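The block underneath contains the structure these notes are about, expressed in structure tokens.
Just so it is clear: chains get the letters A, B, ... in the order the sequence lines come, proteins before strands, and each one is counted from 1. Predicted model, so just to flag it, every value in this text is computed and none were measured.
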There are 2 protein chains.
Amino acid sequence: MNRSICEQCRDWIPPDVTETAQTPGKAPPKIPSRIQQRNRSRILDAALEVFSRHGYRGATLDQIASEAGLSKPNILYYFGGKEDIHVTLLSRLMETWLDPLKDMNPNGDPITELLGYVNRKLDMALELPRESRLFANEILQGAPRMGPHLIADLKPLFDARTDVIARWMEQGRIAKSDPAHLIFAIWATTQHYADFAAQTEVLLPDQSRREGGAHDFLSQLFSKLLTP
Amino acid sequence: MNRSICEQCRDWIPPDVTETAQTPGKAPPKIPSRIQQRNRSRILDAALEVFSRHGYRGATLDQIASEAGLSKPNILYYFGGKEDIHVTLLSRLMETWLDPLKDMNPNGDPITELLGYVNRKLDMALELPRESRLFANEILQGAPRMGPHLIADLKPLFDARTDVIARWMEQGRIAKSDPAHLIFAIWATTQHYADFAAQTEVLLPDQSRREGGAHDFLSQLFSKLLTP
DNA sequence: TCGTGTCTTTACCAAATGGTAAAAAAGTGA
DNA sequence: TCACTTTTTTACCATTTGGTAAAGACACGA
């Protein structure tokens, strides 16, 4: 139920063995060697850097290769192609991206839970800006490769959380507003610090006021909204 | 003082006359013919569509050409190249983009002015989503072509506005918070509805709840923050 | 109707880019 | 050390893409 659609991307099978691996009988699951793990994660890290900066079409295999310290054909030895790398990255991202929302406890104190969520989300944006920009790029272009993920993974969790928040509101434990828009606002304000960093860095050059100030401001913003 | 850096892009001069036009003496300003105006604006409109959907590198001249109903070389008759089109688009955008912020009246009622700004910004995002995505794309990639514009045009206006807001706060006319982060939050929450439309449309399929709800929610969010 | 300047098309090109084939090199277990 | 597998490199290829040259079509005043 929680499995993401591209689950298979994660259990990698070397390209030349793909067919024999499918024939049942022999061909054990083929545990990836140390060097395989190392190079695959190097490639994914390099690709994250490049895709998040230039978007899918703006990124080139050569850039990824040089960033990873490998040759282009070498990269295509580990991944089926450019799209394969991108999709792998996106489906891994989706998991860590949903974690803070999953961590929200329906039985906890509403304000604590929601403000905690805001803080976790902001921390993520500040600590993993590349991931945030990768995601933003994909959505900006109409989610061509992640549409199904959104429907299959994000939507159910989103609906469950908005239901919980709606119940809290009905119970009068937090002020009434639209739960869906509340979550949008949390996403928008937190991710803004990663996605629009090029802008905020120009307008607010003082880093500590930018990052510390963001925590304070968002806590204030949402606690004022939520207190009944 | 208010002039944008690429001002010259706007007063276009046909490619072949560029040199003679610079020699003083004759070569009058060369008022663009009706057909030139029509085709140039067609191209810019097509380019806005394509750039906003695919980003700078993801867009191709062929796409722009076919979207504009012209041939590729014909497009290069009107513009110096791909980058020229993009830069022209960005510098035009900057103006309309800053308008709502300019319209904020330092002598008006603080809450009215700020909530009015939120509403104008949201209307813009909903009515001009392509422009919003073009801007977002550019910033996401580190503002490679718009960095100078940000410093020259946006920063002074931003500083002036945050000063005004800070004064309002000191006077106790609105609740104290960080003016810079306040503006960031307004930008983030409003533009989110354009930039992340692919996501919000999946999560909140009901269009009227999405758009009308956004107005209500953001009014509530910011008026709770601002009332002392 | 002619000629001149404006606009459009056809036919290209060089560089970049995603990807492949196959040989060479490097490990690895016996 | 030898045979065998895994990994890496070298040398290509086809397509796409931004861009150009030059001929042709068109508009319009004299």
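- Between the C1' atom of D/dT17 and the CG atom of B/D62 lies a distance of 7 Å, rounded to the nearest Å.
- For the pair A/R40 CZ and D/dT7 C1', the computed distance is 15 Å after rounding to whole Å.
- A 4.5 Å side-chain heavy-atom check between B/V118 and B/T189 finds every atom pair outside the cut-off.
- Partners of A/P73 by side chain to side chain contact (heavy atoms under 4.5 Å, CB included), not counting sequence neighbours, listed by chain and number: A/S71.
- Phosphate contact (OP1/OP2 of C/dC7, side-chain N/O of B/Y77, threshold under 4.0 Å): present.
- Of all the residues in residues 64-75 of chain A, A/K72, A/P73 reach under 4.0 Å from DNA chain C with at least one non-hydrogen atom.
- Contacts between residues 52-60 of chain A and DNA chain C, defined by a heavy-atom separation below 4.0 Å, involve A/A59, A/T60, listed by number.
- At whole-Å resolution of the value, CD1 in A/I85 and C1' in C/dG19 are 12 Å apart.
- Judged as a salt bridge (charged side-chain N to carboxylate O under 4.0 Å, His left out), the pairs with a partner in residues 49-69 of chain B (not counting sequence neighbours) are, in order, B/E49-B/R53, B/E49-B/R130, B/D62-B/K72.
- When the side-chain hydrogen bond (donor to acceptor under 3.5 Å, both in side chains) test is applied to B/R209, the partners found at least two apart in sequence or on another chain are A/D178.
- For the pair B/Q37 CD and C/dT6 C1', the computed distance is 15 Å after rounding to whole Å.
- For the pair A/Q36 CD and C/dG27 C1', the computed distance is 13 Å after rounding to whole Å.
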Pairs of donor and acceptor atoms involving the side chains of residues 192-200 of chain A, under 3.5 Å and at least two apart or interchain, shall be tabulated with distances.
from   : atom 1 : to     : atom 2 : distance (Å)
A/Y193 : OH     : B/H181 : ND1    : 2.6
A/D195 : OD1    : A/S132 : OG     : 2.8
A/T200 : OG1    : A/A197 : O      : 3.3

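- The side-chain hydrogen bond (donor to acceptor under 3.5 Å, both in side chains) search around B/W97 returns none, not counting sequence neighbours.
- For C/dC7, neither phosphate oxygen OP1 nor OP2 lies less than 4.0 angstrom from any side-chain nitrogen or oxygen of B/Y78.
- Proximity note for A/L76 (side chain, C-beta onward) versus D/dT8, C/dT20, C/dT8: the nearest is C/dT20.
- For the ring pair (Phe, Tyr, Trp, His ring centres under 6.0 Å) test, residues two or more places apart in sequence or in another chain that qualify with A/F51 are A/Y56, A/H86.
- Judged by distance alone, the side chain of A/D45 and the main-chain N or O of A/S41 form no donor-acceptor pair under 3.5 Å.
- B/D206 pairs by the side-chain hydrogen bond (donor to acceptor under 3.5 Å, both in side chains) definition with B/S208, not counting sequence neighbours.
- Within the 4.0 Å cut-off from OP1 or OP2 of C/dT8, at least one side-chain nitrogen or oxygen of B/N39 is found.
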